[in-house]
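A short worksheet on the structure shown next.
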Amino acid sequence: MGVSYKKLFKLMIDRDMKKKDLKEMASIGNSTMTKLAKDENVTMDVMAKICNALNCTMDEIVEVLPDEEIMK
C-alpha cells in the first residue's frame, strides 16, 4: 500500500498557503516536505502536527492507495 497527499496540497491551495507556510505552522522540515511532495511515508507524529496546524482530520489530507493504483 502507498499514500497520496494530493488532498493536503489541494487543501493548501484552497487556503492560499505555500509550502513554507505549512512548514512554519506545523514545525516540519524541508526533508519532510520533500517526502510529502513525493508521496512517501512520513511518521504519525508529522501527520498529527499537520492536522493540528491545519485544524483538520487525517482523512482530509491523506489517502491510502491500494497496491494496484501504485503500479499505475
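- Asp14 pairs by the salt bridge (charged side-chain N to carboxylate O under 4.0 Å, His left out) definition with Lys10, not counting sequence neighbours.
- In this structure, the separation between OG on Ser4 and CD1 on Ile61 is 11.5 Å, given to the nearest 0.5 Å.
- In Lys7, the NZ atom is crowded: over 12 heavy atoms of neighbouring residues, nucleotides or ligands sit closer than 6.0 Å.
- Side-chain atoms of Tyr5 never come within 3.5 Å of backbone atoms of Lys38 as a donor-acceptor pair (strictly under, hydrogens ignored).
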Pair up each side-chain donor or acceptor in residues 17-30 with any protein partner under 3.5 Å, not counting sequence neighbours, and list the distances.
{"residue": "Asp21", "atom": "OD2", "partner": "Lys18", "partner atom": "N", "Å": "2.9"}
{"residue": "Lys23", "atom": "NZ", "partner": "Asn30", "partner atom": "OD1", "Å": "2.1"}

Enumerate donor-acceptor pairs with a distance under 3.5 Å from any side-chain N or O in residues 41-59 to protein atoms, sequence neighbours excluded.
{"residue": "Thr43", "atom": "OG1", "partner": "Val46", "partner atom": "N", "Å": "3.2"}
{"residue": "Asn52", "atom": "ND2", "partner": "Ala48", "partner atom": "O", "Å": "3.3"}
{"residue": "Thr57", "atom": "OG1", "partner": "Asp59", "partner atom": "OD1", "Å": "2.4"}
{"residue": "Thr57", "atom": "OG1", "partner": "Glu60", "partner atom": "OE1", "Å": "3.0"}

